[in-house]
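So the structure is just underneath, and the comments pick up after that.
These values consider heavy atoms only, across backbone and side chains, with no hydrogens, waters or symmetry-generated copies.
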Amino acid sequence: MQTSNLENTTIRTVVPDPVHAGQVCVNGRYWLRQELYQAILSSSMSDDHKLAACLEAHYRRLLFTERSVERRHGLYAEAYSDLSRLNSARNQDNLGISDNFISYYMPLFRDAEVLELGCGCGLLLPQIASVVKRYRGLDASTGAIAVAESNNASLLNDSRSFAVCNLASSELPRGYSVIYSNDFFEHLHPDDLRPLLKRCFEALAPGGKLLAVVPNRLFGPFDISRNFVPLGAPCEALHLNEMSYNDFADELETAGFTSVRTNALGLGALLRIRRALGAELMLTVSARLKGRLESSGLGRSLFSKLLSLRAVIVIAEKQV
């Protein structure tokens, strides 16, 4: 991997690719289609976001054209290490997690042994450290893990830790009662998602649960390409696999999960109901029910906000 200085967060040089017609090279590092570069350049994004978009478009092309599984897995680590350094340079390490989300699903974390996939800079741990029995956060980016360890130094001990892990290929530690992932699975090539979900199923203890969030492709794209492609168009950045409720339910059932559920209403409404009742109830419905509603344009328009359809949130259980 090249080690060019990413502290400069602007596009400095753009030259035509001498080998591939219609492609350009940005900053001597990122190759992408001329028309895609023009769309990025013409967008209203700031200069640092335009460079990030070039980075993501470059690695998207590499990941989808790489047939070798092993080399593709190496590209994940390279892409997200680059992106982590760029985010650090532009002070965007600490993009937050929804307080409503963590508050509503806190009962799943209480007294649980939690394995987090794609933990990034470790934003979840401070919110659940006081209630979990054990926590381990895994991420492919060495830079992100370094930030996570620094930000959470006072919370780390024998039962709470972070580690660098190429999640697309590595075996997962076993025996956890909860595997958690927020905005991670959509970053995987479809051919890498399926074996990872199978490994998640195998890593969970009997009765364990996978709690996962991905953006709903029916409302996307939700990666940085949302800023320079029309809504409803395919992603052009590092969301390689945005899914709908039905898409994700299909993948989870193929992996072995037999119960795939989701929050019954929007999380804000559910928290208000919980406060009114004075109990930590978790009101869920089959993910397939939301899948039926999202499959019609009318259902999406009528129920998007009420049912939080823009994010696909699932609780998949490994039944005893």
- Report the C-alpha distance between Cys25 and Val14 in whole Å, list the side-chain angles of each, state the deciding distance to 0.1 Å, and finish with yes or no for side-chain contact (heavy atoms from CB on, under 4.5 Å). CA-CA 6 Å; Cys25 181; Val14 180; over 6 Å; no
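- In this structure, CD1 in Ile40 is found 8.0 Å from CD1 in Ile224, a value given to the nearest 0.5 Å.
- Looking only at distances, a side-chain donor or acceptor of Arg199 sits under 3.5 Å from a matching main-chain atom of Ser170.
- Here the straight-line distance linking atom OG of Ser225 with atom CG of Leu36 works out to 8.5 Å at 0.5 Å rounding.
- For the pair Arg174 (side chain) and Ala203 (backbone), a donor-acceptor distance under 3.5 Å is absent.
- Of all heavy-atom pairs between Phe162 and Cys119, the closest is CD2-SG, 3.8 Å.
- A distance of 11.0 Å separates CG of Leu265 from OG1 of Thr284, quoted to the nearest 0.5 Å.
- Of the possible donor and acceptor atoms, none in the side chain of Asn27 sits under 3.5 Å from a partner among the backbone N and O of Arg29.
- Aromatic rings of Tyr135 and Phe109 (six-membered ring for Trp) have centroids beyond the 6.0 Å cut-off, not under it.
- Linking ILVMFWY residues whenever their side-chain heavy atoms come closer than 4.5 Å, directly or via other members, places Leu108 and Leu283 in the same cluster.
- Using a 4.5 Å heavy-atom cutoff, the side chains of Arg134 and Val114 are not in contact.
- With hydrogens and angles disregarded, a donor-acceptor distance shorter than 3.5 Å links the side chain of Ser286 to the backbone of Arg288.
- Closest approach of Asp139 to Gly120, counting heavy atoms only: OD2-N, 2.8 Å.
- Side chain of Arg136 to main chain of Ser161: no donor-acceptor pair is present (N/O by atom type, distance under 3.5 Å, no hydrogens or angles).
- If you look at Tyr37 and Phe228, their ring centroids are not closer than 6.0 Å.
- When each of Gln319, Glu253, Glu317 is tested with Thr258 by the rule side chain to side chain donor-acceptor pair (under 3.5 Å), just one qualifies, namely Gln319.
- Within the model, atoms CZ of Phe219 and OG of Ser244 stand 10.0 Å from one another, a figure rounded to the nearest 0.5 Å.
- Using a 4.5 Å heavy-atom threshold, the side chains of Leu210 and Val314 count as separate.
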- Item | Step-by-step side-chain contact (heavy atoms from CB on, under 4.5 Å) determination, Ser169 to Asp192 | CA-CA 8 Å; Ser169 58; Asp192 296 323; over 6 Å; no
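- Taking all atoms of both residues into account, the shortest heavy-atom contact from Ser304 to Arg310 is OG-CG, 3.7 Å.
- Taking the centre of each ring, Phe101 and Tyr105 come in below the 6.0 Å mark.
- Looking at Glu186, its side chain does come within 3.5 Å of a backbone N or O of Phe184 through a donor-acceptor pair.
- Leu271 and Val285 are members of different hydrophobic clusters when ILVMFWY side chains are connected at heavy-atom separations under 4.5 Å.
- Using a cutoff of 4.0 Å between basic side-chain nitrogens and carboxylate oxygens, Arg194 and Asp250 are not scored as salt-bridged.
- Among all heavy-atom pairs drawn from Asn241 and Leu188, the shortest one is CB-O, 3.1 Å.
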- Item | Residue pair Tyr245, Asp247: steps toward the side-chain hydrogen bond (donor to acceptor under 3.5 Å, both in side chains) verdict | CA-CA 5 Å; Tyr245 270 97; Asp247 295 335; over 6 Å; no
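- Judged purely by atom type and a 3.5 angstrom limit, Glu280 has no side-chain atom pairing as donor or acceptor with the backbone of Pro107.
- A single hydrophobic cluster is not seen to contain both Val69 and Leu172; linkage of ILVMFWY side chains at heavy-atom distances under 4.5 Å, directly or through other members, places them apart.
- Between the side chain of Ser150 and the backbone N or O of Ala146, no donor-acceptor pair lies under 3.5 Å.
- Residues Glu294 and Asn246 meet the side-chain proximity criterion, which asks for heavy atoms closer than 4.5 Å.
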- Message: Set out, in order, the CA-CA distance, both residues' side-chain angles and the distance that settles side-chain contact (heavy atoms from CB on, under 4.5 Å) for Arg60 and His189, then state yes or no.
- Response: CA-CA 9 Å; Arg60 178 187 180 87; His189 189 288; over 6 Å; no
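- For the pair Thr142/Tyr80, no side-chain contact is recorded, criterion being any heavy-atom separation below 4.5 Å from C-beta on.
- Using a 4.0 Å cut-off between a side-chain N of Lys or Arg and a carboxylate O of Asp or Glu, Lys318 and Glu202 do not qualify as a salt bridge.
- Of all heavy-atom pairs spanning Ser81 and Ala140, the tightest one is OG-O, 4.5 Å.
- Leu289 and Val312 fall into different hydrophobic clusters, where Ile, Leu, Val, Met, Phe, Trp and Tyr residues are linked whenever their side-chain heavy atoms come under 4.5 Å apart, directly or through other members.
- With values rounded to the nearest 0.5 angstrom, Leu125 atom CG is found 4.5 Å from Asn152 atom CG.
- A donor-acceptor pair under 3.5 Å is absent between the side-chain atoms of Thr9 and the main chain of Asp48, judged by distance alone.
- Put simply, the side chain of Val260 does not reach to within 4.5 Å of the side chain of Phe248, judged on heavy atoms.
- A 4.5 Å side-chain heavy-atom check between Phe64 and Leu240 finds at least one atom pair inside the cut-off.
- Contact annotation: the side chain of Gln23 approaches that of Arg61 to within less than 4.5 Å [non-hydrogen atoms, C-beta and beyond].
- Ion pair Glu113/Lys133 not flagged as a salt bridge, since none of the NZ, NE, NH1 or NH2 atoms sits closer than 4.0 Å to an Asp/Glu carboxylate oxygen.
- Considering only heavy atoms from C-beta on, His239 comes within 4.5 Å of His187 through its side chain.
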- Task: May I have the step-by-step check of side-chain contact (heavy atoms from CB on, under 4.5 Å) for Asn263 and Ser308, ending in yes or no?
- Result: CA-CA 9 Å; Asn263 45 294; Ser308 297; 4.2 Å; yes
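- Cluster membership check: Ile315 shares its hydrophobic cluster with Met106, using side-chain heavy-atom separations under 4.5 Å among Ile, Leu, Val, Met, Phe, Trp and Tyr.
- Here the NZ-CD distance, from Lys198 to Glu251, works out to 13.0 Å after rounding to the nearest 0.5 Å.
- Listed here is the closest heavy atom pair of Ile313 and Leu267: CD1-CD1, 4.3 Å.
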